[in-house]
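Let me begin by presenting the structure, written as structure tokens, before commenting on it.
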There are 2 protein chains.
Amino acid sequence: MKSPRNTTAKTVIQDLIVTSNVALSHSEIQKSLEGLCDRVTIYRVLERLIKEGVIHKIVNVDGVVKYAGCHSCSVKHSHNHIHFSCQKCKSVTCLEDVEPTFKMPKKYIISEMNFTLSGLCPQCS
Amino acid sequence: MKSPRNTTAKTVIQDLIVTSNVALSHSEIQKSLEGLCDRVTIYRVLERLIKEGVIHKIVNVDGVVKYAGCHSCSVKHSHNHIHFSCQKCKSVTCLEDVEPTFKMPKKYIISEMNFTLSGLCPQCS
DNA sequence: TTACTAACGCAACACTGTTGCATTTACAAA
DNA sequence: TTTGTAAATGCAACAGTGTTGCGTTAGTAA
């Protein structure tokens with residue numbers, strides 16, 4: 001019987017991401033943990049949390065990978081919302097209510113969307 | 001007088017990207033060049049071509065950076081179109097005609113957009 | 001408490017991208 | 001055509017990010 005385990009690292013990392021109002025990068029998480037666990041462990045915990053549907057992965061316009069909690073995922077698990085990336089404070093936030101519309105050419109089969117806007121967030125503007 | 005120079009590397013790389021119907025990554029370009037020039041040179045040429053407005057940089061949903069020619073940029077230089085990323089053949093194409101619409105919350109100032117859709121391209125579907 | 005194995009730490013590695021510096025070379029001016 | 005300048009290059013070294021293998025630790029079911 002393969003059963004997942006709740007370890008200290010997993011609990012702390014999950015808490016950190018879910019309670020944060022902005023998406024966090026691996027290095028930001030590592031700094032917060034202050035040597036609580038190894039870098040590799042953080043990668044593996046993040047991987048597990050994504051598989052469990054607790055968090056989701058965001059690739060920012062600048063290529064920086066961030067992780068954010070899944071808030072509305074219990075209702076419907078889709079990440080087809082817009083992400084906003086602030087060019088000043090570098091924060092990435094999920095705008096879960098905003099859903100874009102567009103017309104696609106035929107013959108394209110769409111299974112995933114990734115929409116990121118950049119500019120200034122309410123705090124920085 | 002600071003004047004740009006047309007070198008072999010620049011000419012070949014520019015040709016490669018502009019004539020390609022899909023966006024190319026640094027490593028794909030490097031393979032095509034077959035040792036014509038150094039990796040670093042490719043990075044620097046790409047940087048220059050972006051500054052000159054000949055090509056533009058795309059960060060795919062999986063974080064892979066690709067480069068594509070600017071076709072309609074002579075008319076209006078905006079990259080607010082959708083990019084399509086095929087999950088099968090890994091190709092990235094610019095859908096320059098598709099412009100998405102959406103409603104943003106107040107207080108956000110938008111200066112850049114990055115929309116990428118994933119799925120199957122016409123060739124793979 | 002014990003046994004099983006998920007999860008961990010550590011070392012090593014691959015890939016991507018950047019920087020400094022000496023050398024080469026494109027191109028404008030003589 | 002030749003020459004001088006600095007744009008562009010090659011090489012070495014480095015930093016950041018992410019992955020893999022393997023021996024050890026520790027969570028949890030029995």
Side-chain angles (χ1 to χ4, degrees), chain A residues 1-17 22-68 83 85 90 92 114 116, chain B residues 1-17 22-68 83 85 90 92 114 116:
Chain A
M1 306 302 119
K2 295 191 179 183
S3 58
R5 295 175 186 176
N6 290 320
T7 59
T8 315
K10 189 184 166 189
T11 309
V12 175
I13 293 171
Q14 181 170 339
D15 225 63
L16 207 61
I17 297 173
V22 295
L24 300 173
S25 68
H26 174 276
S27 64
E28 286 165 345
I29 294 166
Q30 191 176 1
K31 277 171 200 159
S32 295
L33 295 181
E34 287 174 333
L36 180 100
C37 67
D38 197 73
R39 306 170 42 239
V40 181
T41 302
I42 299 174
Y43 279 115
R44 293 198 259 232
V45 167
L46 290 170
E47 201 177 307
R48 236 178 305 150
L49 290 173
I50 290 170
K51 202 183 290 173
E52 292 176 17
V54 183
I55 63 171
H56 65 283
K57 192 176 179 175
I58 308 165
V59 178
N60 200 1
V61 265
D62 54 9
V64 176
V65 176
K66 301 225 172 185
Y67 304 88
H83 293 129
S85 171
K90 304 290 174 194
V92 174
N114 193 288
T116 307
Chain B
M1 304 300 119
K2 295 191 178 183
S3 59
R5 295 176 185 177
N6 289 321
T7 60
T8 315
K10 190 185 165 189
T11 309
V12 175
I13 293 170
Q14 180 171 340
D15 225 64
L16 208 62
I17 296 173
V22 295
L24 301 172
S25 68
H26 174 274
S27 64
E28 286 165 346
I29 294 166
Q30 192 176 1
K31 277 170 199 157
S32 296
L33 295 181
E34 287 173 334
L36 179 99
C37 67
D38 195 72
R39 305 171 43 238
V40 181
T41 302
I42 299 174
Y43 279 115
R44 294 198 260 233
V45 167
L46 289 170
E47 200 178 308
R48 235 178 308 152
L49 289 173
I50 291 170
K51 201 183 292 174
E52 291 177 18
V54 182
I55 63 172
H56 65 283
K57 191 176 180 175
I58 308 165
V59 177
N60 200 3
V61 265
D62 54 10
V64 176
V65 175
K66 300 225 173 186
Y67 303 87
H83 293 128
S85 171
K90 304 291 174 193
V92 174
N114 194 289
T116 308

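All chains are named by letter (A, B, ...) in the order of the sequence lines, taking the proteins before the strands, and each is independently numbered beginning at 1.
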| field | Between P of C/dC15 and NZ of B/K66, the distance in whole Å | value | 16 Å
| task | Could you check A/C37 against A/I42 for side chain to side chain contact (heavy atoms under 4.5 Å, CB included), going step by step and ending with a plain yes or no? | result | CA-CA 7 Å; A/C37 67; A/I42 299 174; 3.8 Å; yes
| query | So how far is it from B/E47 CD to B/I55 CD1, rounded to the nearest 0.5 Å? | reply | 10.5 Å
| request: Report the residue (A/T8 or B/S27) whose heavy-atom-nearest nucleotide on DNA chain C is the more 5′ of the two. | output: A/T8
| remark: Ranking A/K10 and B/N6 by the position along DNA chain C of their nearest nucleotide, the one closer to 5' is A/K10
| request: Answer with yes or no whether the side chains of A/N60 and A/S85 bring together a donor and an acceptor at under 3.5 Å. | output: yes
| A/R5 or B/A9: which one's nearest nucleotide on DNA chain D is closer to the 5' end? | B/A9
| Sub-4.0 Å heavy-atom contacts from residues 36-48 of chain A onto DNA chain D, ordered by number | A/R39, A/V40, A/Y43, A/R44
| query | So, B/E52 and B/K10, do they make that salt bridge, N to O below 4.0 Å? | reply | yes
| note | Between CD of B/E28 and P of C/dC15 the distance, given in whole Å, is 14 Å
| Looking at the rings of B/H56 and B/Y67, which for Trp means the six-membered one, are their centres under 6.0 Å apart? | no
| query | What pair of heavy atoms forms the shortest contact from A/V61 to B/V59, and how long is it? | reply | O-CG2, 3.0 Å
| field | Bend angle of the helix from C/dT1-D/dA30 to C/dA30-D/dT1, from helix axes over five pairs at each end, nearest 10° | value | 30°
| request: Measure the distance from CD on A/Q30 to C1' on D/dA15 and round it to the nearest whole Å. | output: 14 Å
| query | Any side-chain N or O of A/T7 under 4.0 Å from OP1/OP2 of C/dC8? | reply | yes
| Nearest-0.5 Å distance that lies between atom NZ in A/K51 and atom CG in A/L49 | 11.0 Å
| query | What's the shortest heavy-atom distance between B/I58 and B/A68, and which atoms? | reply | CD1-CB, 4.0 Å
